[in-house]
Trainee: 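Got a structure for you, questions after.
Throughout, residue positions are numbered sequentially from 1 according to the sequence presented. Every heavy atom of this structure was used, including side-chain atoms; hydrogens, water molecules and symmetry mates were not.
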Amino acid sequence: MKEKQELLMIPGPIEFSPAVLNAMSRPTNSHVSPEFVACFGRCLERLGDLFLAPKYQSFILAGSGTLAMDVALSNLLEPDDGVLIVHSGYFSDRMRDIAELYGARVDVVSAETGSVPGPEDVQKALEKKDYKIVCITHVDTSTSVLADIKGISAVARKADALVVVDGVAAAGGAECRTEEWGIDIYLTASQKAVGVPPGLALLTVSPRALKVAAERTNPVPNYYASFTYWLPIMEAYQARKPAYFGTPAVNLVYALEVSLKEILEDEGLEERFIRHEKQGQAFRAGLRALGMQPLPAGEELCAPTLTAVYYPEGVSAALNAALAEEGVLVAGGLLPAIKGDYFRIGHMGYSGLLDLMGVLGGLERALIKCGYDAFSPGAALQACQKEYLALRGDV
Ligand SMILES: *Cc1c(COP(=O)(O)O)cnc(C)c1O
């Protein structure tokens with residue numbers, strides 16, 4: 001068992017609410033029982049609320065976020081289709097690898113580390129060539145850079161390209177208005193800001209994208225990921241009818257319903273977007289008070305759901321171990337070129353200001369243990385507190 005006073009502050013899996021964890025331990029019933037079919041149907045509908053895409057089709061599949069990426073591209077792509085990858089880090093490379101595997105002609109538009117191409121950069125690329133799909137990572141997990149998916153979707157739509165957004169480190173924390181912004185597929189996984197243990201791939205798909213998939217010339221070159229098999233299943237569950245293609249992750253779906261209730265009813269989606277914004281901003285103020293610099297090249301590029309931050313002068317990855325001794329678990333660097341220069345803290349879903357104040361306190365103690373003491377103890381907590389109170393309008 002995990003020690004009670006340990007905080008899992010990596011960019012997923014995250015800390016989960018007791019009610020969500022409790023739902024996991026209920027007796028598993030048949031995937032075609034009326035009770036489960038109704039629960040699955042409600043989850044599909046509520047995902048439409050989570051993604052702000054009421055007219056789209058949601059999919060819930062047993063698998064991880066990578067499966068959701070695979071589902072999106074394998075169903076839309078045919079050999080020699082053009083794909084433009086808007087590159088912001090590690091998972092953009094994964095999207096490119098998947099597109100290449102399905103025989104697409106892939107181009108990449110990239111930016112300096114700590115940044116991401118904007119709508120103008122994408123517009124320029126779209127003027128030079130025709131692309132069937134533009135792929136964007138909403139929040140890049142390796143850099144904590146937030147992309148302007150609204151602006152990029154608008155230019156992609158104008159060029160008649162389908163827009164696929166990897167929202168794995170964003171959905172349920174960072175603002176996304178999928179339908180209004182014209183995104184065709186927005187995808188995520190359960191273990192990040194959606195707040196359910198690992199094992200569910202979640203997607204929402206526009207009618208336009210479903211039509212493209214339905215009118216393909218070649219069959220989908222992926223058996224498990226194919227809409228051909230899964231679309232009728234999702235439609236059946238939504239009509240509260242039992243259906244089978246592959247056994248759903250029954251207990252995870254029960255847990256998903258609990259988490260969606262917490263997000264949409266208990267907290268409220270708009271309030272949740274604002275909470276993530278504020279807690280991220282306050283947390284970064286705390287880091288800066290310690291002389292630590294976030295990796296994103298500007299405040300407007302900082303994700304609300306996680307922070308990648310450089311080690312201060314003279315401190316190395318030994319800090320992560322010292323932090324673990326303080327009960328705070330963080331993730332190391334992920335970009336090969338600067339892997340040893342920075343680390344990452346997740347602050348999404350169930351994790352809130354309470355946890356982040358704990359992280360900053362632990363970070364101060366760990367830094368002192370590592371020989372870095374260019375701050376007065378409590379400085380990070382004070383800066384975080386001040387920023388948060390100011391954001392809330394209390395001072
Ligand atoms: C975590 C993550 C993935 C991969 O998800 P898995 O569940 O590990 O397969 C993909 N994209 C982004 C942006 C992520 O944060």
Trainee: Using side-chain hydrogen bond (donor to acceptor under 3.5 Å, both in side chains), reason through His87 and Asp93 one step at a time and then give a plain yes or no.
Mentor: CA-CA 8 Å; His87 197 282; Asp93 287 334; 2.7 Å; yes
Trainee: Ile345 pairs by side chain to side chain contact (heavy atoms under 4.5 Å, CB included) with which of Leu323, Val309, Leu363, Leu306?
Mentor: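 It is Val309, the one option of Leu323, Val309, Leu363, Leu306 that forms the side chain to side chain contact (heavy atoms under 4.5 Å, CB included) with Ile345.
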Trainee: Mind checking whether Leu367 and Tyr310 sit in one hydrophobic cluster, side chains of I, L, V, M, F, W, Y counted as touching below 4.5 Å?
Mentor: no
Trainee: Do Ile136 and Val155 belong to the same hydrophobic cluster, where Ile, Leu, Val, Met, Phe, Trp and Tyr are linked whenever their side-chain heavy atoms lie under 4.5 Å apart, directly or via other members?
Mentor: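 Same hydrophobic cluster.
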Trainee: List the steps and the verdict of side-chain hydrogen bond (donor to acceptor under 3.5 Å, both in side chains) for Glu299 and Gln281.
Mentor: CA-CA 9 Å; Glu299 190 60 19; Gln281 217 169 312; 4.8 Å; no
Trainee: Please tell me if the side chains of Leu101 and Pro221 come closer than 4.5 Å, counting only heavy atoms from C-beta onward.
Mentor: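 A side-chain contact under 4.5 Å is absent here.
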Trainee: Do Met348 and Val359 sit in the same hydrophobic cluster, where Ile, Leu, Val, Met, Phe, Trp and Tyr count as joined when their side-chain heavy atoms come under 4.5 Å apart?
Mentor: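 Different clusters: Met348 never reaches Val359 through Ile, Leu, Val, Met, Phe, Trp or Tyr contacts under 4.5 Å.
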Trainee: Is the backbone N or O of Thr307 less than 3.5 Å from a side-chain atom of Ser144, with the two atoms forming a donor-acceptor pair by type?
Mentor: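 Flag not set: sc Ser144 to bb Thr307 has no pair under 3.5 Å.
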Trainee: May I ask you to check whether over 12 heavy atoms, not counting those of Lys386, lie within 6.0 Å of atom NZ?
Mentor: no
Trainee: Heavy atoms only: give me the nearest Met95-Leu187 pair and the separation to one decimal.
Mentor: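 Result for this residue pair: CE-CD2, 4.4 Å.
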Trainee: Atom CG of Asn75 and atom CG of Asn222: how far apart are they, to the nearest 0.5 Å?
Mentor: 8.0 Å
Trainee: Can you check whether Ala209's main-chain N or O pairs, donor with acceptor, with Ser206's side chain at less than 3.5 Å?
Mentor: yes
Trainee: Looking at Arg177 and Glu179, is any side-chain nitrogen of the basic one under 4.0 Å from a carboxylate oxygen of the acidic one?
Mentor: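 Looking at Glu179 and Arg177, the cut-off is not met.
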Trainee: Between Ser33 and Asn29, is there a donor-acceptor pair closer than 3.5 Å when you use the side chain of the first and the backbone of the second?
Mentor: no
Trainee: Determine yes or no for a side-chain-to-main-chain donor-acceptor pair under 3.5 angstrom, with Ser190 supplying the side chain and Pro197 the backbone.
Mentor: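 Pair found, side chain donor or acceptor close to backbone of Pro197.
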Trainee: Ignoring hydrogens, what is the shortest heavy-atom contact between Glu326 and Gly362? Give both atom names and the distance.
Mentor: CG-O, 3.8 Å
Trainee: Centre-to-centre under 6.0 Å for Phe16 and Tyr350, is that the case here?
Mentor: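 For Phe16 and Tyr350, the ring centres are not under 6.0 Å apart.
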Trainee: Flag the pair Leu126 / Val134 as yes when at least one side-chain heavy-atom distance between them is below 4.5 Å, and no otherwise.
Mentor: yes
Trainee: Do the side chains of Lys128 and Asp107 get close enough for a salt bridge, i.e. N-O under 4.0 angstrom?
Mentor: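 A salt bridge is absent here (no side-chain N lies under 4.0 Å from a carboxylate O).
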Trainee: Can you name the nearest heavy-atom pair linking Cys176 to Phe273, along with the distance?
Mentor: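 So the two residues come closest at N-CZ, 3.8 Å.
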Trainee: Give a yes or no answer on whether the side chain of Arg272 reaches the backbone of Gly173 with a donor-acceptor pair at less than 3.5 Å.
Mentor: no
Trainee: Taking it one step at a time, do Val109 and Ile85 satisfy side chain to side chain contact (heavy atoms under 4.5 Å, CB included)?
Mentor: CA-CA 6 Å; Val109 50; Ile85 305 280; over 6 Å; no
Trainee: I'd like to know whether Thr178 forms a side chain to side chain contact (heavy atoms under 4.5 Å, CB included) with Val165, so could you lay out the CA-CA distance, the side-chain angles of the two residues, the decisive distance to 0.1 Å, and finally the verdict.
Mentor: CA-CA 9 Å; Thr178 308; Val165 178; over 6 Å; no
Trainee: Less than 4.0 Å between a side-chain N and a carboxylate O, is that true for Lys241 and Glu235?
Mentor: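 Here Glu235 does not pair with Lys241 in a salt bridge, since their nearest N and O are not under 4.0 Å apart.
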Trainee: Does the ring centre of Phe227 sit less than 6.0 Å away from the ring centre of Phe59?
Mentor: yes
Trainee: Using modelled atom types and a 3.5 Å cut-off, is there a donor and acceptor pairing between side-chain atoms of Ser115 and backbone atoms of Glu112?
Mentor: no
Trainee: Are Arg275 and Glu267 within salt-bridge range, i.e. N to O under 4.0 Å?
Mentor: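 Here Arg275 pairs with Glu267 in a salt bridge, since their nearest N and O are under 4.0 Å apart.
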Trainee: Would you say that Glu257 contacts Phe40 through its side chain, given a criterion of any heavy-atom pair below 4.5 Å between the two side chains?
Mentor: no
Trainee: Of all the heavy-atom pairs spanning Gly63 and Leu67, show the shortest one and how long it is.
Mentor: CA-CD2, 3.9 Å
Trainee: Using a distance-only test with no angle check, is there a side-chain donor-acceptor pair under 3.5 angstrom linking Thr66 and Arg94?
Mentor: yes
Trainee: Tell me, with the steps shown, if Val108 and Arg96 meet side chain to side chain contact (heavy atoms under 4.5 Å, CB included).
Mentor: CA-CA 8 Å; Val108 175; Arg96 184 191 57 205; 3.8 Å; yes
Trainee: Between Arg365 and Gly361 (side chain of the first, backbone of the second, donor and acceptor by atom type, cut-off under 3.5 Å), is there such a pair?
Mentor: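 Yes, Arg365 side chain to Gly361 backbone: donor-acceptor pair under 3.5 Å.
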Trainee: Would you check if the distance from the ring center of Tyr223 to the ring center of Phe245 is below 6.0 Å?
Mentor: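 Yes, close enough.
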Trainee: Does Ser74 reach the main-chain N or O of Asp70 with its side chain, forming a donor-acceptor pair under 3.5 Å?
Mentor: yes
Trainee: Please determine if Glu45 and Arg240 form a salt bridge, counting it only when a charged side-chain N lies under 4.0 Å from a carboxylate O.
Mentor: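 Yes, charged N to carboxylate O under 4.0 Å.
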Trainee: Can you tell me how the ring of Tyr186 sits relative to the ring of His138, calling it parallel under 30°, perpendicular over 60° and tilted otherwise?
Mentor: perpendicular
Trainee: Report yes if the side chains of Ile60 and Cys43 come closer than 4.5 Å at any heavy-atom pair, otherwise no.
Mentor: yes
Trainee: Under 4.5 Å between side-chain heavy atoms, hopping through other hydrophobics if needed: is there a path connecting Val168 to Leu260?
Mentor: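 They do share one cluster, since a chain of ILVMFWY contacts under 4.5 Å joins Val168 to Leu260.
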Trainee: With a 4.5 Å limit on heavy-atom distance, are the side chains of Ile263 and Leu50 in contact?
Mentor: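 When only atoms from C-beta onward are counted, Leu50 and Ile263 do touch, with a gap below 4.5 Å.
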Trainee: Is a side-chain donor-acceptor pair under 3.5 Å present for Gln57 with Thr204?
Mentor: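 There is no such pair between these side chains.
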Trainee: Can you tell me if Thr305 and His347 form a side-chain donor-acceptor pair at under 3.5 Å?
Mentor: no
Trainee: Verify whether one side chain among Asn218 and Tyr102 offers a donor that lies under 3.5 Å from an acceptor in the other.
Mentor: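 Not at all, the side chains of Asn218 and Tyr102 share no donor-acceptor pair under 3.5 Å.
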Trainee: Just wondering, do Ser142 and Phe91 contact through their side chains at under 4.5 Å, heavy atoms?
Mentor: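 No, side chains not in contact.
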Trainee: State which residues pass ring pair (Phe, Tyr, Trp, His ring centres under 6.0 Å) with Tyr56; sequence neighbours excluded, sorted by chain then number.
Mentor: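 Ring pair (Phe, Tyr, Trp, His ring centres under 6.0 Å) check on Tyr56 returns nothing, list empty.
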Trainee: Is it true that Glu215 and Lys211 make a salt bridge, defined as a side-chain N closer than 4.0 Å to a carboxylate O?
Mentor: yes
Trainee: Any idea which heavy atoms bring Met292 and Phe343 closest together, and the distance?
Mentor: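 Of all heavy-atom pairs spanning Met292 and Phe343, the closest is CE-CE2, 3.6 Å.
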Trainee: Determine whether Gln279 and Glu387 make a side-chain contact, defined as any pair of heavy atoms from C-beta on separated by less than 4.5 Å.
Mentor: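 The answer is no; the side chains never approach within 4.5 Å.
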Trainee: With a 4.5 Å cut-off on side-chain heavy-atom distances among I, L, V, M, F, W and Y, is there a chain of contacts connecting Ile368 to Val330?
Mentor: yes
Trainee: Can you check side chain to side chain contact (heavy atoms under 4.5 Å, CB included) on Leu146 and Leu301, steps first, answer last?
Mentor: CA-CA 5 Å; Leu146 175 74; Leu301 291 168; 5.8 Å; no
Trainee: Under the criterion salt bridge (charged side-chain N to carboxylate O under 4.0 Å, His left out), which of Arg105, Arg216, Lys132, Lys129 is the partner of Asp81?
Mentor: Lys132
Trainee: Considering only NZ, NE, NH1 and NH2 on the basic side and carboxylate oxygens on the acidic side, decide whether Glu271 and Lys278 come within less than 4.0 Å.
Mentor: no
Trainee: Do Tyr224 and Tyr229 have ring centroids that are under 6.0 Å from one another?
Mentor: no
Trainee: Give a yes or no on whether the backbone of Ser351 and the side-chain of Glu15 come within a donor-acceptor separation of less than 3.5 Å.
Mentor: no
Trainee: Within the side chain of Ser58, is there an N or O that forms a donor-acceptor pair under 3.5 Å with the backbone of Leu47?
Mentor: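 No.
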Trainee: Could you measure the distance from the NZ atom of Lys261 to the CG atom of Leu256? Nearest 0.5 Å is fine.
Mentor: 13.5 Å
Trainee: So do Ile14 and Gln191 actually touch side chain to side chain, heavy atoms under 4.5 Å?
Mentor: no
Trainee: Heavy atoms only: give me the nearest Phe51-Leu203 pair and the separation to one decimal.
Mentor: CE1-C, 4.2 Å
